[in-house]
There are 2 protein chains.
Amino acid sequence: MTLQFLAMRRDMLSMSKTLPRPVTAETTMFEIAQLAGVSESTVSRALSGSPLVNENTRNRILKIARSANYTVNINARNLRQKRTRTIEVLIPLAEYGRQHMSDPFYLDMLGVLADALSERHYDMLLTKRAPWAKGVETNSIQCGRADGIIIMSQGQDLEALRSFTDLYPQVVVWGGHLREDDYIVVGTDNVAGGKLATEHLMKIGRKRIAFLGDPAEPEIALRQEGYRKAFSDNGIAVDESLIFSAPFDAREARASAEKMLQSGVKFDAIFCASDVIAMSAITTLRNAGLEVPRDVSIVGYDDILIASSFGPSLTTVSQRIQDGGKTMVDLLLQRIEGKSVDTTLLPVELIVRESCGAQ
Amino acid sequence: MTLQFLAMRRDMLSMSKTLPRPVTAETTMFEIAQLAGVSESTVSRALSGSPLVNENTRNRILKIARSANYTVNINARNLRQKRTRTIEVLIPLAEYGRQHMSDPFYLDMLGVLADALSERHYDMLLTKRAPWAKGVETNSIQCGRADGIIIMSQGQDLEALRSFTDLYPQVVVWGGHLREDDYIVVGTDNVAGGKLATEHLMKIGRKRIAFLGDPAEPEIALRQEGYRKAFSDNGIAVDESLIFSAPFDAREARASAEKMLQSGVKFDAIFCASDVIAMSAITTLRNAGLEVPRDVSIVGYDDILIASSFGPSLTTVSQRIQDGGKTMVDLLLQRIEGKSVDTTLLPVELIVRESCGAQ
DNA sequence: CCTGTTTCTGCAACGGTTTTCATCGGCTAC
DNA sequence: GTAGCCGATGAAAACCGTTGCAGAAACAGG
């Protein structure tokens with residue numbers, strides 16, 4: 001029941017602000033050269049740390065530049081050097097009108113990427129729409145806006161992704177490892193992760209372990225594969241009625257968990273394909289009067305920052321967000337330099353916390 | 001108890017990828033001009049939709065450009081036009097080593113900003129560090145990387161923010177309205193919001209309403225002010241022991257909520273300064289055997305996307321993330337064009353859901 | 001003193017667009 | 001017939017750095 005009530009519509013209180021003085025890059029290198037009594041070349045070299053310029057001259061120039069509050073014009077530099085020190089990061093971000101994902105995983109990853117990039121003096125361009133989406137006419141690599149792209153999800157259109165990366169190799173993709181793919185992928189070993197999680201639930205004595213997640217996403221499909229593998233490797237048949245793979249995104253997780261309960265299928269554990277799903281499942285179960293982990297053990301996937309402070313804290317398969325982000329940046333920058341680079345499968349680690357019950 | 005166990009360290013499986021063919025902006029406008037038998041000027045005009053060029057010529061050029069897979073070089077254009085159609089968005093993003101905020105509010109807002117900007121053909125540069133932070137030598141406006149900046153939090157150093165915006169007026173800040181500030185602020189009326197939330201709790205019969213949130217953040221301080229106002233306006237004295245304002249960020253919210261319980265102070269409702277805090281409070285209370293909303297009513301602030309799908313769904317003061325994001329973009333672009341622009345206080349709305357109890 | 005090196009600096013040629021100003025042909029109006 | 005205008009195009013000047021190459025100055029060795 002989402003009763004809404006509106007209040008205090010003190011109509012958009014406002015205080016007028018003065019017109020801005022137009023502040024832009026005004027000083028040019030020429031002026032600094034004049035002030036220092038040298039040529040522009042020397043100024044350029046001094047500022048870029050070239051060893052060709054005398055120590056004294058450099059210091060003098062630096063001091064003058066600083067006092068004139070001078071900064072090189074990035075666009076002129078990019079034009080000349082044919083590179084931008086900018087990386088595009090493509091994430092399917094939250095959308096308000098239509099339902100769309102808004103998983104904290106992405107925010108955590110963004111933080112790591114921002115750090116890794118700025119450490120290497122790169123800037124980060126953030127985008128929601130793939131260059132192959134319709135309505136997008138060009139891509140940031142071709143038009144010289146970025147030197148490379150990090151794509152944070154393989155998404156639905158694997159074919160488009162594949163042909164794009166065929167054309168533009170300066171791309172690293174986060175996701176699952178699919179045999180056919182030729183682009184660089186970074187991600188955990190989802191099959192191993194799924195197996196690890198499931199086997200842990202077996203080990204602590206759970207008999208009816210359910211799976212919850214949408215296999216339309218390649219990574220999730222692999223995790224489900226790992227789930228199945230855990231059973232077959234242990235000589236147990238998979239009970240298909242325990243696999244709840246109705247398509248849904250994180251926002252609908254709660255509804256899905258409710259559907260699970262209403263299905264009447266009995267279970268004493270759930271391997272959730274993400275931490276967000278796990279948290280939703282937990283609150284839903286509790287609303288239904290079930291106790292986690294007493295009645296049902298829960299394992300998630302991702303190890304997002306809040307996983308450890310949720311109540312109960314989440315047992316989860318770590319996506320090694322930190323390592324993953326750093327690795328993506330490393331590989332991409334190397335590839336941009338033209339080096340040969342390897343697709344990377346991050347090792348998988350289970351973080352055991354409260355939500356699956358003490359062992 | 002965070003027992004960790006490592007498994008399946010199949011050491012970084014790897015498949016070597018071929019060296020990338022260097023794909024960059026190769027075709028230039030000159031070549032297109034040659035092919036079309038016209039001058040570069042005409043090509044430029046044709047592509048930018050200038051009315052000065054003949055319809056037939058334009059179509060011919062467009063066709064040629066398309067077939068040559070040509071795209072204008074952004075850097076050359078930016079250099080010439082002295083503007084980039086890029087906006088920097090500054091957000092204090094999640095940090096792994098040290099605790100830091102990782103509030104879904106920011107991800108939701110990023111989604112809205114991305115939409116609003118791309119609708120106007122602007123790109124978005126994402127940053128974590130303020131230009132006035134030490135170690136940062138320049139800012140994106142001065143060096144010509146962006147036309148303006150959206151700052152997503154006033155942060156701790158109000159003085160630095162103030163002097164930066166004094167120098168560079170092409171800035172819009174999300175946050176609370178502080179009398180002394182001269183920069184453009186967009187945000188909800190935090191005082192009204194705090195009052196609204198608190199009064200709602202009074203109205204449904206709660207007697208001991210606690211406040212939970214860190215007033216070091218200007219917005220939170222204003223919400224607390226609203227909380228106090230609700231009492232004084234209704235002729236009730238504020239019980240200071242009900243105000244839990246120990247400094248903490250979202251991750252520590254659970255710990256803070258536990259401290260609240262241990263303090264022994266009795267309360268039957270909490271006004272939480274954000275939805276993340278509210279969710280933490282709810283799980284903590286439940287772990288302690290209390291029922292929400294039966295024993296304690298909870299109201300949050302923000303109305304993030306998952307607020308409605310949490311269990312119980314959150315009663316919360318809407319930050320109008322959608323309106324807010326769009327407004328920030330509108331105002332910033334207007335200001336960049338040199339128009340006079342007004343600081344905006346968004347009207348406040350309470351979304352009543354389960355977590356405060358049926359009215 | 002002459003030659004050869006080394007060290008530093010300047011000249012000038014880019015880099016790829018946009019935009020102002022001039023040009024030019026054709027058309028209208030008188 | 002001529003002045004004036006209009007619509008379309010081109011030439012060239014920015015925009016602001018970087019960098020290859022040449023040259024100068026200083027210095028050492030013979």
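Just so it is clear, the structure is predicted and the values come from calculations on it, not from any experiment. Residue numbers start from 1 in every chain, and the chains themselves are labelled A, B, ... in the order their sequence lines are given, proteins ahead of strands.
One finds a side-chain N or O of A:N54 lying less than 4.0 angstrom from the OP1 or OP2 phosphate oxygen of C:dC8. For A:S39 and C:dT9, the shortest distance from a side-chain N or O to OP1 or OP2 is not below 4.0 Å. The shortest distance between the side-chain N/O atoms of B:Y70 and the OP1/OP2 oxygens of C:dG16 is not below 4.0 Å. Look at A:S41 and you won't find any side-chain N or O under 4.0 angstrom from OP1 or OP2 of C:dC11.
The interatomic distance linking B:E40 (CD) with D:dT9 (P) rounds to 16 Å, in whole Å. The distance between atom CD of A:Q81 and atom P of D:dG20, rounded to the nearest whole Å, is 11 Å. B:N56 has its CG atom 9 Å from the P atom of D:dT9, to the nearest Å. The distance from atom CG of B:N78 to atom P of D:dC15 is 16 Å, rounded to the nearest whole Å. The separation between B:Q142 atom CD and D:dG17 atom C1' is 16 Å, rounded to whole Å. Rounding to whole angstrom units, CD of residue B:E31 and C1' of C:dT17 are separated by 14 Å. Put simply, CZ on A:F30 is 16 Å from P on D:dT18, counting in whole angstrom units. Note: CZ (B:R60) to P (D:dA8) measures 14 Å, nearest angstrom.
Salt bridge B:R120/B:D330: present, at least one basic N to carboxylate O contact under 4.0 Å. Using a 4.0 Å cut-off between charged side-chain N and carboxylate O, B:R162 and B:D181 make a salt bridge. A salt bridge links B:D123 with A:R145: the distance from a Lys NZ or Arg NE/NH1/NH2 to an Asp or Glu carboxylate oxygen falls below 4.0 Å.
Residues A:L113 and A:G325 approach most closely at CD2-O, 3.7 Å, considering heavy atoms.
Which of C:dG16, D:dG17, C:dT19 sits closest to the side chain of A:K82 comes down to C:dG16. Comparing D:dT19, D:dT18, C:dG16 against the side chain of A:M29 picks out D:dT18 as the nearest. Closest to the side chain of A:R45, out of D:dC16, C:dT17, D:dC21, is D:dC21. Closest to the side chain of B:A76, from the set C:dG16, C:dG10, D:dG10, is C:dG16. Here the nucleotide nearest the side chain of B:S44, chosen from C:dC11, C:dT19, D:dC16, is C:dT19.
At a threshold of 4.0 angstrom between heavy atoms, the contacts of B:S48 with the nucleic acid are absent.
If A:V43 and A:L52 are placed on DNA chain D by their nearest nucleotide, the residue sitting closer to the 5' end is A:V43.
No N or O donor and acceptor, one from the side chain of A:R80 and one from the base of C:dG16, sit under 3.5 Å apart.
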Step by step, work out the salt bridge (Lys or Arg N to Asp or Glu O under 4.0 Å) result for B:D115 and A:K128.
CA-CA 8 Å; B:D115 282 337; A:K128 284 181 66 166; 3.0 Å; yes
